[in-house]
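Report on the following structure.
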2 protein chains.
Amino acid sequence: MPATPIAGPAIYAVDPWVRGIPKARHQLLSDDERALLAKISSIVRFKKGETIYQEGDAAEAAFNIISGVVTAYRRLADGDHVSSFVYQGDIFGLSEQGCYTNSAKAATAVVAYKIPLSALRRILEQHADLDIDLIIKLCEGLREAQHHALLLARKHAATRLAMFLELLERLQIARGEPAAEIHLPVGRSSIAAYLGLTPASLSRALRTLTSRKIISSRDLRHIRILDRAAFQKVADTNGAGP
Amino acid sequence: MPATPIAGPAIYAVDPWVRGIPKARHQLLSDDERALLAKISSIVRFKKGETIYQEGDAAEAAFNIISGVVTAYRRLADGDHVSSFVYQGDIFGLSEQGCYTNSAKAATAVVAYKIPLSALRRILEQHADLDIDLIIKLCEGLREAQHHALLLARKHAATRLAMFLELLERLQIARGEPAAEIHLPVGRSSIAAYLGLTPASLSRALRTLTSRKIISSRDLRHIRILDRAAFQKVADTNGAGP
DNA sequence: CGTTGATTTGACCCTAATCAACTTAGGTGG
DNA sequence: CCACCTAAGTTGATTAGGGTCAAATCAACG
């Protein structure tokens with residue numbers, strides 16, 4: 001046996017009830033619970049760009065990401081809308097009446113636990129602790145979706161972009177990664193689809209912040225915040241700065 | 001004893017797992033569960049316009065609406081953003097780390113169960129059935145928040161408005177109310193804040209649909225869809241019709 | 001019946017969409 | 001390892017649509 005075997009599914013979240021260090025994310029599942037879930041799940045791998053499931057497909061399983069990033073999106077007549085970027089320790093594969101409500105594709109190479117819903121339901125009926133963990137995680141998902149809506153309600157492209165970068169940075173910190181630089185998990189068009197902008201507008205917003213020396217980008221996937229105060233102002237207010 | 005005493009909190013939702021009649025909403029709680037919850041809750045009343053709690057307040061209780069409509073919103077530097085309209089059978093009062101993440105005010109006169117979180121947590125640890133009901137309801141809330149984000153990502157005011165009316169109609173049907181006419185629970189400015197528009201733009205969007213004979217409004221709170229096909233086209237596509 | 005706040009309308013401005021041309025990045029095969 | 005090829009991203013010119021601010025109308029309430 002290896003020294004650190006994979007213990008089983010892991011759910012990371014901020015506790016909705018307990019007061020603690022701001023945004024302290026922790027592992028919700030105990031070792032026993034992880035082992036329990038491991039017994040009913042299988043490990044699956046997806047190549048970058050691969051479709052995991054599509055909106056409307058019969059939902060047989062939920063997924064828990066071990067590594068990589070998944071894009072959850074909906075296909076519309078006029079292009080895609082990205083609902084969320086799903087990271088390690090997150091869950092995806094929500095269903096409504098037995099069908100997935102959105103599509104999912106691997107934004108990077110992905111390794112995940114695949115948890116059949118039938119088995120999951122059985123376990124949830126038995127183990128109240130597990131239910132509570134799931135409730136906590138769902139609360140977090142709900143808050144994130146509401147944050148997304150808040151972002152989309154902002155009227156200026158630069159504000160939306162700044163809020164998004166702020167979000168990525170927060171997630172990075174919560175994951176314990178270095179946060180000097182913000183890492184973009186996906187390409188421009190996916191970000192634009194998340195922000196409700198066209199790629200062209202996103203590009204311009206990026207240019208605006210860059211030329212104002214508020215941010216700088218090392219390459220297409222790495223952004224650094226140079227002027228925190230100005231950045232915050234763009235993220236918070238709608239009006240353009242002086 | 002009256003013939004139909006108030007049985008206790010009620011949660012209505014669409015089951016995420018079981019396939020059934022499209023969008024069939026039903027009562028999740030059994031009589032026993034409702035009685036159990038009733039024991040720890042109190043009934044509270046709010047006058048129209050009254051603030052129920054504010055973002056950042058210490059969260060001591062969740063609420064379950066018996067009658068009336070509540071507006072959940074966030075206060076921003078440049079006006080309010082409405083996250084959701086909460087109806088009978090819904091729950092509100094989500095928290096993060098012991099604090100409410102948004103504000104809530106009564107859009108109409110409201111009667112609700114107030115459920116202390118401490119007692120709720122205790123019950124949830126015991127009763128796995130109840131947890132599952134809550135999970136189902138949270139899934140529904142998540143889907144709704146994602147739908148809201150989808151709506152806000154649409155670029156045309158008329159499209160957002162149509163999607164919103166569609167939503168209200170769907171909810172009305174789910175509640176078993178007559179759906180010949182769509183009832184708006186709140187005033188224009190709240191709707192605008194939900195749609196990410198200014199009241200002026202909302203007014204114009206309304207006018208556009210009205211003058212194209214797609215909808216008509218009896219008064220400020222009642223709208224009727226005249227041309228279903230055209231309406232659907234506005235809601236679905238982004239491009240303007242001929 | 002008047003007062004107050006909400007809603008509609010108008011004139012103008014400004015931002016992001018559009019469409020298209022151009023450039024860059026990244027992957028492929030020689 | 002480099003040249004090529006394709007998809008992705010950027011940039012420019014133009015336009016449509018919503019924001020803004022202000023005035024006028026309407027509704028609700030006392």
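Here is the naming used below: chain letters follow the sequence lines, and residue numbers restart at 1 for every chain. Because the structure is predicted, anything quoted here is derived from the model rather than measured.
Put simply, CZ on A:Arg154 is 13 Å from P on D:dG19, counting in whole angstrom units. Straight-line distance from the NZ atom of B:Lys155 to the P atom of C:dT18: 7 Å, rounded to whole Å. Spacing between atom CG of B:Leu202 and atom P of D:dG19 amounts to 10 Å, rounded to whole angstrom units. Atom pair B:Leu161:CG and C:dT8:P shows a separation of 11 Å (rounding to whole Å applied). Taking atom CG of residue A:Asp219 and atom P of nucleotide D:dG9, one finds them 12 Å apart after rounding to whole Å. B:Leu197 places its CG atom 15 Å from the C1' atom of C:dT7, with the value rounded to the nearest Å. Distance B:Arg221 CZ to C:dA6 P: 12 Å, rounded to the nearest Å. Atom CG in B:Leu152 sits about 14 Å away from atom P in D:dG18, given to the nearest Å.
The side chain of B:Ala157 approaches D:dG18 more closely than any other nucleotide in the set C:dA16, D:dT10, D:dG18. Closest approach to the A:Pro199 side chain among D:dT10, C:dT9, C:dA16 is made by D:dT10 (side chain taken as heavy atoms from C-beta onward). Among the nucleotides C:dT9, C:dA17, D:dT11, the one closest to any side-chain atom of B:Arg207 is C:dT9. When distances run from any side-chain atom of B:Ala200 to the nucleotides C:dA16, D:dG19, C:dT9, the shortest one goes to C:dT9.
For C:dT8, the OP1/OP2 oxygens have a side-chain nitrogen or oxygen of B:Arg188 closer than 4.0 Å. For the pair B:Ser201 and D:dG17, the criterion of a side-chain N or O lying under 4.0 Å from OP1 or OP2 is not met. Listed pair A:Ser189 / D:dG9 meets the phosphate criterion, a side-chain N or O lying under 4.0 Å from OP1 or OP2. Between B:Ser203 and the phosphate of C:dT7, there is no side-chain N or O to OP1/OP2 separation shorter than 4.0 Å. One finds a side-chain N or O of A:His156 lying less than 4.0 angstrom from the OP1 or OP2 phosphate oxygen of C:dA16.
Using cut-offs of 30° and 60° on the angle between ring planes, the pair B:Phe164 and B:Tyr194 is tilted.
Within the nucleic acid shown, B:Leu220 comes within 4.0 Å of sugar-phosphate atoms alone, with no base atom in reach, counting heavy atoms only.
Residues A:Arg25 and A:Glu177 are not paired through a salt bridge, judged by the lack of any N-O separation under 4.0 Å between the basic side chain and the carboxylate. We find that B:Glu55 and B:Arg75 are not joined by a salt bridge, their nearest charged nitrogen and carboxylate oxygen being 4.0 Å or further apart. Using a cutoff of 4.0 Å between basic side-chain nitrogens and carboxylate oxygens, A:Lys105 and A:Glu50 are not scored as salt-bridged. B:Lys137 has a carboxylate O that lies under 4.0 Å from a charged side-chain N of B:Asp90, or vice versa, which qualifies the two as a salt bridge.
Heavy-atom nearest nucleotides on DNA chain D were determined for B:Lys48 and for B:Gly196, and the one closer to the 5' end corresponds to B:Gly196.
The base of D:dG9 is not paired with the side chain of A:Arg204 by any donor and acceptor separated by under 3.5 Å.
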